[in-house]
Structure formats: C-alpha cells, structure tokens
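To start, the structure under review is shown below, and the notes come after it.
These values consider heavy atoms only, across backbone and side chains, with no hydrogens, waters or symmetry-generated copies. Each chain gets a letter, A, B and so on, in the order the sequences are listed, and its residues count up from 1.
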2 protein chains.
Amino acid sequence: MDMDKAQKIGDRLVAHGIRRTPFRIELLQLFIESKSSLSHQEVKEKITSTKDKVTIYRALDNFLEKGLIHKVPDVNNVARYAVCPDNCAQEAHVHNHVHFVCESCEKTFCLDNVEVPSVQVPEGFNASSFSYTVTGLCKTCGGTA
Amino acid sequence: MDMDKAQKIGDRLVAHGIRRTPFRIELLQLFIESKSSLSHQEVKEKITSTKDKVTIYRALDNFLEKGLIHKVPDVNNVARYAVCPDNCAQEAHVHNHVHFVCESCEKTFCLDNVEVPSVQVPEGFNASSFSYTVTGLCKTCGGTA
DNA sequence: GCTTAAAATGCAACCATGTTGCAACATTGA
DNA sequence: TCAATGTTGCAACATGGTTGCATTTTAAGC
C-alpha cells in the first residue's frame with residue numbers, strides 16, 4: 001500500500017482516538033475506497049490483516065462509536081456500515097440523506113444529494129433522529145436503464 | 001375465547017387463503033389486540049397453542065406473504081410484525097405511514113396519522129417502496145411528558 | 001361420513017450473526 | 001524504557017432464523 005495514504009488514514013484514526021494498527025488502517029482504507037456500504041461478512045472477505053470475526057466486530061463497533069462510520073439500513077436485517085464524511089462530528093452525524101436499498105443485488109446506496117424531508121411526530125413523542133429508506137432497483141439491476 | 005370472535009378471525013384467515021387452525025386463530029387474534037408490533041420472541045411468549053418456534057416462524061412468513069401482517073423496522077435488526085389494516089390488499093400494502101422506534105423500551109409504533117413524505121430518487125434508480133422511521137423516546141419513556 | 005390432497009405442525013439438527021471473557025500483545029505517552 | 005491502556009486472537013456461548021422430514025389436521029369432492 002502507498003505509504004502516504006497509510007499515513008493519512010492512520011492520522012484520521014488517531015484524530016478519532018483510535019490506535020494506528022495495521023488492521024484498522026486497512027479497514028478504514030477499505031471503507032474509504034468502497035463505493036457502497038459493507039456488512040461484517042463483506043469486510044471479512046476483503047480484509048487480509050486478520051481473519052478473526054471478533055476483531056472485526058469490535059473494530060466496527062469502535063469506528064461507529066467514534067463517529068468514523070455509521071450504520072445504514074439493509075433489507076435482511078443485517079448490519080451494514082459506511083464511512084462518514086470527513087466533517088461528520090462524533091456527536092452530531094451529518095448523514096441525513098436518504099438511503100436506497102436494491103431489492104435485487106441487496107446493496108445499500110447513500111443518496112447524498114437527497115435530503116430526508118422532516119415530519120411532525122404526534123404529541124408526546126420525542127424524536128431524535130430520522131431515517132428514510134427507499135427500496136427498489138438500482139442502476140445496474142434494472143432501474144430506468 | 002369468545003366464539004363469535006374466533007369465527008370472525010377464522011373467516012379472515014380463510015379469506016386470505018390460510019387454514020383455520022387454533023394456533024393461527026390465536027396468532028391473528030394476538031396481533032389484532034396488540035397495540036404495538038410484535039417480534040417472534042414476543043409472540044412465542046404470549047402464544048399458548050404451540051411452543052414450537054418453527055411453527056411460529058412459518059406462520060409469520062405465511063401471514064406476511066398473504067398480506068395479513070407487515071414487517072416494521074426495529075432498532076436491533078430483529079424482525080418485527082404488525083397487522084395490516086383490513087383494506088390492505090395482498091399486492092399493494094397501504095401502510096405508508098411513519099414508524100417510531102423508542103430508544104428506551106425499543107418498541108415500534110405505527111404513526112398512522114403521519115404520512116411518509118415522498119422524495120425524488122436520482123436518475124437511474126427505480127423506487128418501489130418508501131420507509132420512514134423516526135427514533136427517539138415514546139410517550140411512556142419520557143417524550144414530552 | 002369417507003377419502004384424499006394440500007396445508008400446517010412438531011421435532012431435530014443445523015446455520016449465520018453477533019457477544020463475552022480472558023490471556024497475550026502492540027501502541028502511545030510519560 | 002516502562003507502564004497504562006487499547007487492540008488482538010481464541011474458545012465458548014447466545015440468539016435469531018432455516019431446512020428436512022415424518023405426522024397430523026383441514027377442507028373439499030364424492
């Protein structure tokens with residue numbers, strides 16, 4: 001791997017209070033280069049620095065907690081993750097965009113340009129976050145070709 | 001159980017191409033009387049006519065397929081179900097309302113009066129369904145008390 | 001009411017996803 | 001360099017969900 005890149009990624013880890021280990025560098029790198037989101041399983045298939053699932057689970061939890069990645073919805077109730085934009089603060093995530101889940105390839109896409117419209121919840125409820133997911137067919141699987 | 005009620009519920013099963021068995025009557029009854037949605041586990045705890053998890057899983061799948069119930073989102077990636085309104089056709093479900101998931105008690109509520117606002121998906125994507133979920137605190141767990 | 005096909009049940013075994021505890025090791029800061 | 005703390009690896013476990021198959025129940029035709 002390009003050394004400059006590894007250095008930068010390590011810096012980003014450290015900036016989020018995470019240690020600069022080979023595996024975690026590779027993991028963040030993977031997320032950054034991935035077009036769509038990743039499940040634990042997909043991560044495990046692609047990562048070379050470890051084969052231990054627990055290590056991966058823990059790194060994902062940690063990245064999530066430190067605001068490096070966020071959870072995205074999925075068809076089959078399996079957890080999926082995607083990297084947060086760089087300006088995503090630890091406390092206030094700024095990924096209030098709509099997600100698109102393809103029924104065919106089951107990938108999840110972040111529609112970065114589509115904002116989540118707000119709704120008014122009934123009296124008594126106290127809303128803290130909003131999630132909007134569209135299901136259908138993605139470009140490759142036969143959207144409007 | 002009230003015999004008239006059992007009869008009516010059985011009719012509803014039959015109307016959806018499902019057989020009138022004691023367990024399935026009890027199951028549909030349970031869904032109808034339940035205020036919020038139910039997970040497989042909650043169903044298992046409340047049902048008396050069977051203790052077999054597979055039977056419950058299969059009935060849930062079947063009800064889902066035949067349009068008697070629908071899936072609702074959940075915090076922990078666990079499947080949850082709720083009855084469809086009576087006018088919910090097998091093909092075109094009419095539950096385009098917003099769901100509310102409580103972070104504290106982890107229950108899911110159907111906000112029947114809050115419609116899902118529509119969004120425009122980017123060129124190339126072909127949307128078929130829309131899901132809007134609000135997370136926060138429900139009435140009992142300390143919404144605006 | 002009897003017969004029969006299809007649907008529903010029960011059970012055992014299995015799989016996938018995710019978690020816990022603990023010992024060993026690596027990274028960082030003093 | 002040394003200690004504190006974060007990270008890794010492994011084994012064992014927990015939960016949610018599935019598959020296959022034999023048996024029973026339901027509904028429909030005679």
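- Of the side-chain N and O atoms in Thr21(A), none sit less than 4.0 angstrom from OP1 or OP2 of dG6(D).
- By the side-chain contact (heavy atoms from CB on, under 4.5 Å) test, Thr55(B) is found to be paired with Phe23(B), Thr50(B), Asp52(B), residues two or more places apart in sequence or in another chain being considered.
- When atom types are taken as modelled, the side chain of Ser39(A) and the backbone of Glu42(A) share a donor-acceptor pair closer than 3.5 angstrom.
- In this structure, CD of Glu65(B) is placed 11 Å from P of dA7(C), rounded to the nearest angstrom.
- Residue Thr55(B) has no polar side-chain atom (N or O) positioned under 4.0 Å from OP1 or OP2 of dA8(C).
- Every residue two or more places apart in sequence or in another chain that forms a side-chain contact (heavy atoms from CB on, under 4.5 Å) with Glu33(B) is listed here: Lys5(B), Gln29(B).
- Atoms CD (Glu42(A)) and C1' (dG18(C)) sit 16 Å apart, rounded to a whole Å.
- Of the listed nucleotides (dA27(D), dT28(C), dG16(D)), dT28(C) has the atom at the smallest distance from the side chain of Arg20(A).
- For Ile18(B), the listed nucleotide lying nearest its side chain is dA8(C); candidates were dT26(D), dT19(C), dA8(C).
- In this entry the distance linking CG of Leu60(A) with P of dT17(C) reads 13 Å, nearest Å.
- The two residues Phe100(B) and Asn126(A) come nearest to each other via the heavy atoms CZ-O, 4.0 Å.
- The distance between atom NZ of Lys44(A) and atom C1' of dA16(C), rounded to the nearest whole Å, is 11 Å.
- The interatomic distance linking Phe63(A) (CZ) with dT8(D) (C1') rounds to 14 Å, in whole Å.
- By the side-chain contact (heavy atoms from CB on, under 4.5 Å) test, Leu30(A) is found to be paired with Leu38(A), Val43(A), Lys46(A), Ile47(A), residues two or more places apart in sequence or in another chain being considered.
- The side-chain contact (heavy atoms from CB on, under 4.5 Å) search around Tyr57(A) returns His40(A), Lys53(A), not counting sequence neighbours.
- With sequence neighbours excluded, the residues satisfying salt bridge (charged side-chain N to carboxylate O under 4.0 Å, His left out) with Arg20(A) are Asp11(A).
- Take Gln41(A) and apply the side-chain hydrogen bond (donor to acceptor under 3.5 Å, both in side chains) test, not counting sequence neighbours, and it matches no residue.
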Atom pairs, N/O to N/O, protein against nucleotides 11-14 of chain C, distance under 3.5 Å?
none

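- Comparing the start and finish of the helix from dG1(C)-dC30(D) to dA30(C)-dT1(D), five pairs each, the helix axis swings through 30°, to the nearest 10 degrees.
- A search for side-chain hydrogen bond (donor to acceptor under 3.5 Å, both in side chains) contacts involving Ser49(B) returns Glu26(B), not counting sequence neighbours.
- Distance Leu64(A) CG to dT19(C) P: 11 Å, rounded to the nearest Å.
- A straight line from CD of Gln41(A) to P of dC15(C) spans 15 Å, rounded to a whole angstrom.
- Where Ser49(B) and Pro22(A) meet DNA chain C, the nucleotide closest to each residue was compared, and Ser49(B) sits on the side nearer the 5' end.
- Judged by atom type and distance alone, Arg19(A) reaches the base of dT5(D) through a side-chain donor-acceptor pair under 3.5 Å.
- Taking atom CZ of Arg24(A) as the reference point, atom C1' of dA26(C) lies 12 Å away to the nearest angstrom.
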